[in-house]
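First the structure, in the form of structure tokens, and then the observations on it.
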Amino acid sequence: MRNNKLQIIPLGGLGEIGKNCLAVRCGSDIVVVDCGLMFPEEELLGIDVVIPDVSYLVDHRQLVRSVVLTHGHEDHIGALPYVLPQINVPVYGTRLTLGLLEGKLEEHLPGFKADLRVVKPRDIVECGCFKVEFIRVSHSIPDAVAVAIHTPLGVLLHTGDFKIDHTPVDGELIDFHRLAQLGERGVLVLLSDSTNAEHPGYTMSERVVGETFDEIFRSSQGRIIIATFASNIHRVQQAILVAHRYGRKVAVAGRSMVNVVNIAHQLGYLQLPEGIMVELEEANRLPRHQVAILTTGSQGEPMSALTRMASGDFKQLEIIPGDTIIISAVPIPGNEKLVARVVDQLFKRGAMVLYEAVSAIHVSGHPCQEELKLMINLTRPRYFLPVHGEYRMLIRHAALARELGLPPENVFVAENGQIVEITPKGGRFAGRVTAGRVLVDGLGVGDVGNIVLRDRKQLAQDGILIVVVALNQETGQVVAGPDVISRGFVYVREAEALMEEVKAQVRVVLDRCVERKSLEWATIKSEVREALGRLLYERTRRRPMILPIIMGV
């Protein structure tokens with residue numbers, strides 16, 4: 001491919017929240033921006049995480065020059081432990097971002113040697129024909145950057161996740177000056193965060209949450225338990241400082257929270273007043289008005305610390321009347337029921353629960369419409385591609401760009417896998433590459449597909465019926481059985497008449513096969529499955545999975 005053609009290839013993050021991953025190709029060079037995961041929806045039974053399908057990158061691994069990271073959230077770095085073994089290229093990111101990634105790699109791939117290269121805002125690195133520049137932005141985690149990719153055709157600016165916060169917790173303002181400079185010289189393509197594109201106005205400053213924390217700590221007499229994203233270090237910092245102000249010790253519950261607090265403190269991004277941190281065991285011995293606890297589980301994740309506390313399954317800490325629980329996050333689309341269930345369980349245990357619907361204990365890390373307009377007006381791009389959001393969010397963001405005067409033909413609402421091609425003559429959609437989701441279940445990556453999920457769904461909805469029979473291999477006569485085992489379908493002892501009917505039906509099918517001399521086991525199994533399927537649906541209006549097991553003797 002020639003250097004006068006720029007291809008933008010989203011592999012994840014469009015039409016969805018999470019698994020952000022984007023490839024930029026020019027000539028024989030590819031740079032990848034972010035490589036994240038998303039957490040499974042309810043219908044993905046048993047799945048741990050979902051990562052992008054990077055077949056395109058694996059097929060072109062000799063062209064991939066680097067992965068550049070915008071910040072350290074899971075939806076931007078979480079897939080790298082699964083992807084780097086396939087394409088082990090240099091990974092550029094700020095110090096905290098790479099510190100969090102290093103922890104993930106050690107956990108998933110002990111001994112794996114990744115080429116991690118630390119950069120600072122305003123640094124420029126060369127990746128093939130690209131020069132990649134890192135520009136500071138504000139977000140809910142420190143060390144977030146936008147990336148300006150200088151290409152032979154012009155500058156491609158990817159905002160990453162950002163918000164315009166004039167009073168950030170760490171005092172590090174978004175680099176308006178550099179963004180305006182790029183806009184003055186001319187940005188070819190702007191790719192901008194669409195998460196809050198449906199919301200008018202501005203996103204509130206993170207400091208608003210600190211003020212709410214202060215009010216809650218001032219008025220609460222019992223323990224205070226704060227659940228938030230482990231990687232929301234600004235929120236964790238504010239909680240620790242407010243706890244210190246009111247003479248409370250802080251304990252941490254939840255593995256990911258412990259890991260992130262340790263890494264952020266070691267790297268200097270989290271300030272811990274002397275003596276403030278205690279172990280959970282010590283916190284349980286302290287007077288309750290002297291304790292604050294930071295924990296995970298703000299999304300109602302089944303195995304998280306807060307969910308286990310709510311169900312009484314967390315041995316180290318028991319929720320009791322008088323506790324104040326702060327859920328400092330908004331549910332990710334799809335997690336609303338999980339969060340509501342946890343809130344109900346916490347109320348049943350006598351706790352006072354404060355959550356986003358009833359208190360200002362969460363602000364977004366993403367820009368609302370006025371901030372999105374400011375980013376477009378600052379950078380004045382020729383082409384615009386909304387990223388990071390569900391399809392309706394991308395559509396709304398594209399409409400904002402057109403309202404600001406961008407020609408409709410220069411605004412592209414793409415889908416994962418769709419190639420947006422820019423040449424000196426203009427921009428267009430130029431085909432597709434393989435893109436989609438890869439499901440991770442335990443140690444299996446991609447080995448659970450639609451057929452396995454369909455089986456799991458059927459098992460969950462209607463259960464399984466196993467029929468075991470032993471046949472004479474030569475004559476096909478029944479030697480033993482049939483025996484019937486039911487799991488999740490009916491309770492055998494309470495459905496004896498139905499079970500006898502099932503056995504009789506199996507014998508009829510077997511006799512028919514012997515008469516026809518159809519002694520192929522695959523044929524017998526198929527006929528048993530079909531006959532029992534009809535019978536069981538007539539009797540129960542259910543369709544359990546039917547598993548015939550035939551043994552030859």
Side-chain angles (χ1 to χ4, degrees), residues 11-13 18-23 29-40 47-119 123 125-128 132 134 141 143 145 147 160 230-231 233 254-267 269 296 303 434-435 437-448:
L11 299 174
K19 73 178 180 70
N20 299 292
C21 185
L22 181 107
D29 298 304
I30 295 174
V31 164
V32 182
V33 180
D34 290 334
C35 194
L37 56 74
M38 67 189 291
F39 294 102
I47 299 304
D48 298 325
V49 295
V50 183
I51 62 174
D53 185 336
V54 293
S55 303
Y56 174 78
L57 300 179
V58 174
D59 292 344
H60 296 84
R61 60 166 66 85
Q62 73 280 7
L63 306 182
V64 180
R65 303 295 169 237
S66 65
V67 176
V68 297
L69 301 176
T70 58
H71 64 284
H73 279 153
E74 291 272 19
D75 58 330
H76 293 259
I77 68 170
L80 284 171
Y82 306 99
V83 172
L84 283 180
Q86 301 177 75
I87 45 166
N88 193 6
V89 296
V91 180
Y92 293 94
T94 51
R95 201 157 63 97
L96 178 62
T97 303
L98 293 188
L100 294 171
L101 174 59
E102 201 166 10
K104 291 186 69 63
L105 291 173
E106 285 173 9
E107 180 183 345
H108 287 82
L109 301 167
F112 179 75
K113 298 296 182 187
D115 185 0
L116 306 182
R117 304 184 184 185
V118 175
V119 294
D123 280 357
V125 298
E126 290 197 17
C127 306
V132 181
F134 299 85
I141 187 171
D143 257 8
V145 290
V147 291
S231 55
I233 291 166
R255 187 169 54 87
S256 59
M257 183 68 79
V258 171
N259 291 343
V260 170
V261 166
N262 287 339
I263 291 168
H265 178 53
Q266 288 168 12
L267 295 176
Y269 292 92
T296 54
M303 294 307 295
T434 301
R437 61 188 189 183
V438 173
L439 308 179
V440 178
D441 185 359
L443 296 176
V445 180
D447 58 347
V448 175

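Because only heavy atoms are used, hydrogens play no part in the values below, and waters and symmetry mates are left out as well, while side chains stay in.
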Under the 3.5 angstrom rule, does the side chain of Arg117 hit a backbone N or O of Pro90 as a donor-acceptor pair?
no
What is the ring orientation for His71 with His76, classed by angle as parallel under 30°, tilted 30 to 60°, or perpendicular over 60°?
tilted
Can a donor-acceptor pair be found, under 3.5 Å and without considering hydrogens, that links the side chain of Asp29 to the backbone of Arg65?
no
Ala114 to Leu105 - nearest heavy-atom pair and separation
CB-CD1, 3.7 Å
Drop me the distance from Thr94's OG1 to Leu100's CG, to the nearest 0.5 angstrom.
9.0 Å
Straight-line distance of Leu116 CG to Leu98 CG, nearest 0.5 Å:
5.5 Å
To check you understand the geometry: which heavy-atom pair defines the closest contact between Leu11 and Thr434, and what is its length?
CD2-O, 4.1 Å
Just to verify, which of Asn259, Ile141, Ile263 counts as forming a side-chain contact (heavy atoms from CB on, under 4.5 Å) with Ser231?
Ile141
Before you tell me yes or no, could you show the steps for Val32 and Cys21 under side chain to side chain contact (heavy atoms under 4.5 Å, CB included), namely the whole-Å CA-CA distance, both residues' side-chain angles and the distance that decides it to 0.1 Å?
CA-CA 7 Å; Val32 182; Cys21 185; 3.9 Å; yes
Which atom names give the shortest non-hydrogen contact between Ser66 and Cys127, and what distance separates them?
OG-SG, 3.1 Å
Could you walk me through whether Phe134 and Val125 pass the side chain to side chain contact (heavy atoms under 4.5 Å, CB included) check?
CA-CA 9 Å; Phe134 299 85; Val125 298; 3.9 Å; yes
Is Val67 close to Val89 at the side-chain level, that is, under 4.5 Å between some pair of heavy atoms?
yes
Where is the tightest heavy-atom contact between Asn88 and Lys113, given as atom of each residue plus distance?
ND2-O, 3.1 Å
May I have the step-by-step check of side chain to side chain contact (heavy atoms under 4.5 Å, CB included) for Val119 and Val68, ending in yes or no?
CA-CA 10 Å; Val119 294; Val68 297; over 6 Å; no
Ile77 CD1 to Asn20 CG distance, which is reported to the nearest 0.5 Å
12.0 Å
Could you tell me the separation between the CG atom of Asp34 and the OG1 atom of Thr70, rounded to the nearest 0.5 Å?
3.5 Å
Are Tyr92 and Asp123 packed together at the side-chain level, in the sense that at least one heavy-atom pair is separated by less than 4.5 angstrom?
no
Quick one: closest heavy-atom pair of Val83 and Val54, and the distance?
CG2-CG2, 4.0 Å
Pair Val50-Lys19, side chain to side chain contact (heavy atoms under 4.5 Å, CB included): steps then yes or no
CA-CA 7 Å; Val50 183; Lys19 73 178 180 70; 4.2 Å; yes
Thr97 to Asp143 - nearest heavy-atom pair and separation
OG1-O, 3.9 Å
What distance separates Phe39 CZ from Asp75 CG, expressed to the nearest 0.5 Å?
8.5 Å
Value for CG (Asp115) from CG (Leu84), rounded to nearest 0.5 Å, stands at 10.0 Å
